[in-house]
J.: 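Mind looking over this structure? Questions follow.
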Number of protein chains: 2
Amino acid sequence: MKVDKFLDYKSRESSAMLITKKNQYALRAIFELAKHNGKGPRKISEIAKAQAIPAKFLEVILNQLKGSGMVNSKRGFYGGYYLIQPPEKITVGHIMRFLERDVDQTDCAALVPETQCPFKGQCTFFPMWNKVKAAIFNIYDETTIKDLIDNEKANVNCK
Amino acid sequence: MKVDKFLDYKSRESSAMLITKKNQYALRAIFELAKHNGKGPRKISEIAKAQAIPAKFLEVILNQLKGSGMVNSKRGFYGGYYLIQPPEKITVGHIMRFLERDVDQTDCAALVPETQCPFKGQCTFFPMWNKVKAAIFNIYDETTIKDLIDNEKANVNCK
DNA sequence: ACTTTCTTGACTATGAAAGTCGACAAACTT
DNA sequence: AAGTTTGTCGACTTTCATAGTCAAGAAAGT
């Protein structure tokens with residue numbers, strides 16, 4: 001069996017993640033499509049390899065992302081996925097919001113469903129959770145996929 | 001069997017939470033101790049009832065919080081937990097950081113352990129995750145427990 | 001003694017997230 | 001038209017951190 005370049009992509013994280021694996025994969029996949037933009041469809045298997053994402057899981061994610069209006073796909077030999085919006089028009093916020101569209105919008109910012117909140121309408125911490133949520137999405141919304149590509153070219157990364 | 005005021009505190013949340021239950025409970029417990037500050041120890045059972053926290057789980061949390069230097073406890077009939085720092089000196093950031101002290105500090109801001117990152121030292125998204133993390137803790141660090149009590153008195157809450 | 005309350009380590013349960021499978025449908029190749 | 005490649009889709013299984021529980025023991029007070 002061939003040893004994969006990324007040995008441990010399967011292992012789970014040890015601690016609470018700020019961003020789910022799925023959301024990270026979705027972001028990386030769209031980032032990868034953006035880097036390939038204008039060169040025709042990119043195959044799931046290629047994206048999976050380039051971005052160290054389990055291929056079968058990526059199928060599910062990309063298929064879901066078709067509903068967002070950001071990507072489209074084509075079957076057959078020269079098939080694959082491609083962006084239908086320019087990278088400078090897609091923000092991280094778009095991706096995050098789309099993947100969390102099923103979250104009830106009446107939930108508080110700590111993401112506790114209101115129906116399950118023991119302090120319905122009287123939660124002391126609500127304003128703070130809201131500030132946190134707003135601060136996060138402020139960053140997500142002002143970061144476009146093009147920005148991320150530009151950062152990579154400028155070598156603005158870890159370490 | 002007596003019906004609890006908070007029927008559904010046991011049910012799990014439906015979606016990914018920004019803040020874990022444990023961290024929320026810890027914050028609420030310290031908030032409760034702060035409201036009782038100067039009036040002697042507060043029993044676990046009282047805190048649990050006032051803040052709708054499973055008592056046995058709260059035992060674990062408060063016991064862990066003793067290591068933070070924020071609270072102390074006393075056994076026996078007039079026993080319970082009490083703050084050993086003034087509410088204006090304790091920030092939400094102190095609590096969050098303490099409860100996540102076991103997270104490896106070399107982990108990236110998306111909280112993916114560096115040893116498991118497929119893009120070791122080359123992650124394009126690192127700067128963004130760091131900005132998000134910084135934005136969150138900026139809010140946590142500037143919010144003291146006293147602030148939260150003041151907000152409650154001023155009725156600055158949900159809805 | 002007796003009661004109350006915290007202490008401690010070990011234990012179990014849960015369910016969302018993560019990942020997989022396989023039959024199928026479209027697109028292209030020859 | 002047969003064969004290959006690639007996406008489609010629903011159902012399925014696995015994982016494991018989070019959440020929550022238990023019970024015996026140790027302080028502290030009456």
Side-chain angles (χ1 to χ4, degrees), chain A residues 4 6 8-26 28-29 33 40-49 52-67 71-82 99-100 102-103 110-113 116, chain B residues 4 8-26 29 33 40-49 52-67 71-82 99-100 102-103 110-113 116:
Chain A
D4 198 277
F6 306 114
D8 46 15
Y9 72 84
K10 278 187 185 177
S11 48
R12 301 191 104 226
E13 313 312 326
S14 59
S15 55
M17 274 181 293
L18 202 53
I19 304 104
T20 63
K21 277 271 186 188
K22 186 180 176 185
N23 286 14
Q24 290 183 51
Y25 291 160
R28 298 219 295 259
L33 290 183
R42 191 104 211 256
K43 299 187 212 313
I44 292 179
S45 57
E46 289 173 350
I47 303 167
K49 197 174 181 189
I53 303 169
K56 277 288 181 184
F57 195 23
L58 183 57
E59 279 183 16
V60 176
I61 295 165
L62 280 172
N63 193 43
Q64 188 181 343
L65 281 172
K66 283 181 73 174
V71 305
N72 206 348
S73 63
K74 201 186 165 191
R75 297 197 226 197
F77 193 88
Y78 294 111
Y81 275 85
Y82 53 94
L99 292 172
E100 277 156 24
D102 46 334
V103 174
L111 293 182
V112 175
Q116 293 182 15
Chain B
D4 197 276
D8 46 15
Y9 73 84
K10 277 187 184 176
S11 50
R12 302 194 99 227
E13 313 311 328
S14 60
S15 57
M17 275 181 293
L18 202 54
I19 304 105
T20 62
K21 278 271 186 189
K22 186 180 176 185
N23 285 14
Q24 292 183 50
Y25 291 160
L33 290 183
R42 191 103 211 255
K43 298 187 213 312
I44 292 179
S45 57
E46 289 172 351
I47 303 166
K49 198 174 180 188
I53 303 169
K56 279 287 177 184
F57 194 24
L58 183 57
E59 283 183 11
V60 175
I61 295 165
L62 281 172
N63 192 45
Q64 188 181 342
L65 281 172
K66 283 182 72 174
V71 305
N72 207 349
S73 63
K74 201 185 164 191
R75 297 196 228 196
F77 194 87
Y78 294 111
Y81 275 84
Y82 51 95
L99 292 173
E100 276 156 23
D102 45 335
V103 174
L111 292 182
V112 175
Q116 293 181 18

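Within every chain, numbering begins at 1; the chains are lettered A, B, ... in the order of the sequence lines, protein sequences first and strands thereafter.
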J.: On the nucleotide D:dT6, are OP1 or OP2 found under 4.0 Å from the side-chain N or O atoms that A:S73 carries?
T.: no
J.: Can you tell if the side chain of A:E100 reaches within under 4.5 Å of the side chain of A:N23, non-hydrogen atoms only?
T.: yes
J.: Roughly, in whole Å, what's the span from NZ in A:K21 to P in D:dT15?
T.: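 After rounding, the reported distance stands at 15 Å.
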J.: What pairs with A:F57 under ring pair (Phe, Tyr, Trp, His ring centres under 6.0 Å), at least two apart in sequence or on another chain?
T.: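 With neighbours one apart ignored, the set is A:Y25.
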J.: Would you mind building the protein contact string for nucleotides 24-30 of chain D? One character per nucleotide, 5' to 3', B for base within reach (heavy atoms under 4.0 Å), S for sugar-phosphate only, - for untouched.
T.: -BBBBSS
J.: Any side-chain N or O of B:Y25 below 4.0 angstrom from OP1/OP2 of D:dA19?
T.: no
J.: What integer distance in Å separates A:N23:CG from C:dA16:P?
T.: 16 Å
J.: What integer distance in Å separates B:L65:CG from C:dC6:C1'?
T.: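 Going from B:L65 (CG) to C:dC6 (C1'), I get 14 Å.
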J.: My understanding is that only residues two or more places apart in sequence, or in another chain, count here; which of them pass side chain to side chain donor-acceptor pair (under 3.5 Å) with A:K74?
T.: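 Partners of A:K74 under the side chain to side chain donor-acceptor pair (under 3.5 Å) test: none.
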J.: Please list, chain by chain and in numerical order, all residues satisfying side chain to side chain donor-acceptor pair (under 3.5 Å) with B:K43, sequence neighbours excluded.
T.: none
J.: Nearest whole Å is fine: how far is C:dC24 P from A:N63 CG?
T.: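 Taking atom P of C:dC24 as the reference, CG of A:N63 is at 18 Å.
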J.: Strictly below 4.0 Å: does A:Y82 bring a side-chain N or O up to OP1 or OP2 of D:dG7?
T.: no
J.: Examine C:dC6: is either OP1 or OP2 under 4.0 Å from a nitrogen or oxygen in the side chain of B:K66? Give yes or no.
T.: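 Answer is no, no contact under 4.0 Å.
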J.: Heavy atoms, side chains only, cut-off 4.5 Å: are A:Y82 and A:V71 in contact?
T.: no
J.: Whole angstroms only, please: what is the OH-C1' distance between A:Y81 and D:dT6?
T.: 10 Å
J.: Whole-Å distance between D:dT6 P and A:N72 CG?
T.: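 Taking atom P of D:dT6 as the reference, CG of A:N72 is at 18 Å.
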J.: Taking salt bridge (Lys or Arg N to Asp or Glu O under 4.0 Å) as the test, write out the residues that go with A:K56, two or more places apart.
T.: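 A:K56 satisfies salt bridge (Lys or Arg N to Asp or Glu O under 4.0 Å) with A:E59 only.
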J.: Nearest whole angstrom, please: distance from the P of D:dG10 to the CD of A:E59.
T.: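 In whole Å, D:dG10 P lies 13 Å from A:E59 CD.
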J.: Mind calculating the distance between CD (A:Q64) and P (D:dG10) to the nearest angstrom?
T.: 12 Å
J.: Under 4.0 angstrom, heavy atoms only, what part of the nucleic acid is A:L62 near: base, sugar-phosphate, or nothing?
T.: nothing
J.: Heavy-atom distance under 4.5 Å between the side chains of A:T20 and A:L99, does that happen here?
T.: no
